[in-house]
There are 2 protein chains.
Amino acid sequence: MPNPPNPQRRSEKSRRATLDATLDLCAEQGYAQVTVEGIAARAGVSKKTVYRWWPSKGAVVLEAVHDAAVRPTVFPDTGDLVADLCTQLSGVIDVLSAPRTRSAFIGVLTEAQHDPGLAEQMHRQWIGPRIDQFKHRLRKAQDQGHLPPGADLDVIMDVVYGPIFHRLMVHLPLPDEAYLRKVVDSVLPASDQPPRER
Amino acid sequence: MPNPPNPQRRSEKSRRATLDATLDLCAEQGYAQVTVEGIAARAGVSKKTVYRWWPSKGAVVLEAVHDAAVRPTVFPDTGDLVADLCTQLSGVIDVLSAPRTRSAFIGVLTEAQHDPGLAEQMHRQWIGPRIDQFKHRLRKAQDQGHLPPGADLDVIMDVVYGPIFHRLMVHLPLPDEAYLRKVVDSVLPASDQPPRER
DNA sequence: CTGTCAACACGACACGTTCCGTTTCCCTAT
DNA sequence: ATAGGGAAACGGAACGTGTCGTGTTGACAG
């Protein structure tokens with residue numbers, strides 16, 4: 001019986017080679033053309049090894065993208081809500097534009113639509129934390145009087161992130177900084193002037 | 001050499017059976033599990049026949065969804081912009097919620113991310129016309145003074161459709177009517193009535 | 001701290017499956 | 001007569017699994 005492998009003995013070298021090969025291949029051929037066989041070959045790794053640690057191609061790509069994208073998309077907190085929003089959104093757009101991550105990102109996002117397991121993992125290690133950070137930042141802005149207490153955080157989140165996903169799905173060019181600012185401005189209830197000073 | 005088939009002699013019965021079987025199978029098994037072989041078998045049609053008229057599974061599903069979704073998502077014009085927006089958006093959400101169309105819709109949308117030909121066709125016969133209708137309706141509202149002349153139609157479109165795609169991709173429940181209205185209200189520059197004080 | 005050793009992750013390769021997209025052959029309707 | 005439709009089979013690609021040596025690794029003894 002295949003006992004679950006022991007993570008302690010896992011070869012970090014193989015792991016890295018696999019993830020790197022994955023992003024490279026996604027960039028070169030596009031997500032759909034990438035196969036587990038191809039990844040293994042490029043990484044100089046056995047297919048068996050890939051399947052030992054990941055259940056599917058999607059899972060490999062998810063980890064590869066997560067690995068590469070977490071850093072550029074952290075949520076800053078400089079005290080200036082609008083600026084912070086724009087910074088974070090720009091980070092996301094960069095990841096969605098950079099050749100090395102774009103296809104992999106889109107691929108895993110779309111694959112998660114058909115693979116419940118992948119969707120669950122993506123949500124747990126990615127989407128969920130982002131949403132929490134986002135709302136946390138917005139609540140803080142509320143406390144500081146930069147945002148009305150009654151503002152609907154869900155609506156704001158949808159409206160701010162929505163355009164990126166909309167344009168992505170519909171194959172329109174992604175928003176640039178100026179456009180982003182327009183969106184952010186158009187939706188954030190302009191109560192920037194403190195109702196009460198902090 | 002395979003001459004291009006003659007559309008005049010095409011069997012409408014086979015076409016319908018194929019499209020119906022496609023939606024059924026998508027609903028039953030999910031888009032990813034559906035195969036051309038399965039479609040042909042369910043439709044009582046030869047695989048050859050499918051490939052004679054469509055280049056790929058994605059193309060079949062695109063036509064099937066388009067066929068089923070065009071009617072419920074037409075853009076109304078009652079003179080009331082907010083109401084019309086909500087109506088059309090509800091139509092889209094219905095298609096994205098109904099079991100028979102949901103999986104097929106999402107499937108073709110995501111597949112188009114990896115298949116340029118499919119993306120092009122989807123844009124030509126679907127997305128493009130919708131965008132045109134949308135902007136046409138908004139310009140009319142501008143002419144009638146229901147929307148400020150300076151309003152950025154692209155921003156409005158992104159912000160209004162964005163939440164649907166965002167929530168779809170991120171696996172959150174789709175907006176309901178009340179939520180939609182909130183979004184629409186929050187973004188439409190309220191020049192609907194003579195400038196009200198706020 | 002160091003040498004030993006069994007466990008186990010690894011790479012290589014081969015296997016049975018599934019589905020693809022195409023082809024062949026014959027039938028049928030126009 | 002022509003051309004689309006149905007049945008069946010094809011080679012090819014990729015899947016996910018299994019086997020088999022090889023060699024690295026971590027644990028333990030001294």
Side-chain angles (χ1 to χ4, degrees), chain A residues 1-22 25-26 28-63 103-104 107-108 110-111 114-118, chain B residues 1-22 25-26 28-63 107-108 111 114-118 121:
Chain A
M1 313 292 106
N3 285 354
N6 178 358
Q8 235 181 345
R9 303 196 51 166
R10 179 169 188 182
S11 158
E12 173 61 19
K13 201 174 123 204
S14 294
R15 194 188 87 99
R16 269 260 59 87
T18 304
L19 297 182
D20 286 342
T22 300
L25 287 176
C26 283
E28 289 171 19
Q29 320 178 331
Y31 178 86
Q33 321 318 321
V34 173
T35 68
V36 174
E37 312 225 0
I39 292 174
R42 166 73 77 104
V45 146
S46 162
K47 206 167 35 145
K48 184 84 180 182
T49 300
V50 177
Y51 279 113
R52 173 148 38 219
W53 299 109
W54 294 279
S56 65
K57 159 183 154 187
V60 181
V61 181
L62 172 59
E63 184 167 338
S103 178
V108 77
T110 56
E111 184 124 332
H114 315 297
D115 180 337
L118 188 62
Chain B
M1 299 296 102
N3 285 353
N6 177 355
Q8 260 184 330
R9 302 196 52 164
R10 180 169 187 182
S11 157
E12 172 62 17
K13 201 175 123 204
S14 293
R15 193 188 88 99
R16 269 260 60 87
T18 304
L19 297 182
D20 287 341
T22 300
L25 286 176
C26 283
E28 288 171 21
Q29 320 177 330
Y31 179 86
Q33 323 317 321
V34 173
T35 68
V36 174
E37 313 229 356
I39 293 174
R42 166 73 77 105
V45 147
S46 160
K47 214 174 19 150
K48 165 109 184 186
T49 301
V50 177
Y51 279 111
R52 172 147 38 218
W53 300 108
W54 294 278
S56 65
K57 160 183 155 186
V60 180
V61 181
L62 173 58
E63 183 166 339
V108 78
E111 184 125 330
H114 315 298
D115 180 337
L118 188 62
Q121 193 188 346

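The sequence lines fix the lettering, A, B, ..., with proteins before strands; numbering per chain opens at 1.
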Whole angstrom is fine here: how far is it from CD in B/Gln8 over to C1' in C/dA29? 15 Å
A/Ile39 CD1 to D/dA14 P: how many Å, rounded? 12 Å
I need the NZ-P distance between B/Lys13 and C/dA29, as an integer number of Å. 10 Å
Would you mind reading off the distance between B/Asn6 atom CG and C/dT30 atom P, rounded to a whole angstrom? 14 Å
With sugar-phosphate meaning primed atoms plus P, OP1 and OP2, does A/Trp53 contact a base, only sugar-phosphate, or nothing at under 4.0 Å between heavy atoms? sugar-phosphate
Establish whether the base of D/dG4 is bridged to the side chain of B/Arg10 by a donor-acceptor pair shorter than 3.5 Å. no
Where is the tightest heavy-atom contact between A/Val108 and A/Gly58, given as atom of each residue plus distance? CG2-O, 3.7 Å
D/dG6 phosphate, OP1 or OP2, under 4.0 Å from B/Thr49 side-chain N/O: yes
Whole angstroms only, please: what is the CD-P distance between A/Glu12 and C/dA9? 16 Å
Bend angle of the helix from C/dC1-D/dG30 to C/dT30-D/dA1, end axes from five pairs each (to 10°): 30°
Using atom CZ of B/Arg15 as one end and atom P of D/dG4 as the other, report the distance to the nearest whole Å. 16 Å
Salt bridge present between B/Glu37 and B/Arg42 (N-O < 4.0 angstrom): no
Taking atom types as they are modelled, would you say the side chain of A/Arg9 forms a donor-acceptor pair with the base of D/dT24 within the 3.5 Å cutoff? yes
Specify the closest pair of heavy atoms between A/Pro5 and A/Pro7, including all atoms of both residues, with the distance to one decimal. O-CD, 3.3 Å
Please name the pair of heavy atoms, one in A/Thr18 and one in A/Val60, separated by the smallest distance, quoted to 0.1 Å. CG2-CG1, 4.0 Å
Within the sub-3.5 Å range, which N or O atoms of nucleotides 20-22 of chain C have a protein N or O partner, and how far apart are they?
| from | atom 1 | to | atom 2 | distance (Å) |
| --- | --- | --- | --- | --- |
| C/dC20 | OP1 | B/Val36 | N | 3.2 |
| C/dC20 | OP2 | B/Val36 | N | 3.4 |
| C/dC20 | OP2 | B/Glu37 | N | 3.4 |
| C/dG21 | OP2 | B/Tyr51 | OH | 2.6 |
| C/dG21 | N7 | B/Lys47 | NZ | 3.0 |
| C/dG21 | O6 | B/Lys47 | NZ | 2.6 |

Taking CZ from A/Arg16 and P from C/dC10, how many angstroms apart are they, rounded to a whole number? 15 Å
Rounded to the nearest 0.5 Å, what's the gap from CG on A/Asp115 to OG1 on A/Thr110? Could you check? 11.0 Å
Taking atom CH2 of B/Trp53 and atom NZ of B/Lys48, what is their separation to the nearest 0.5 Å? 11.5 Å
Distance, rounded to the nearest Å, where A/Leu25 contributes CG and D/dA14 contributes C1': 15 Å
Would you compute the distance between atom CD1 of A/Ile39 and atom NZ of A/Lys57 and round it to the nearest 0.5 angstrom? 7.5 Å
How close do A/Ala40 and A/Val50 get, heavy atom to heavy atom, and via which atoms? CB-CG2, 4.2 Å
Write down the atom of A/Arg15, the atom of A/Arg10, and the distance for their closest heavy-atom approach. CG-NH2, 3.4 Å
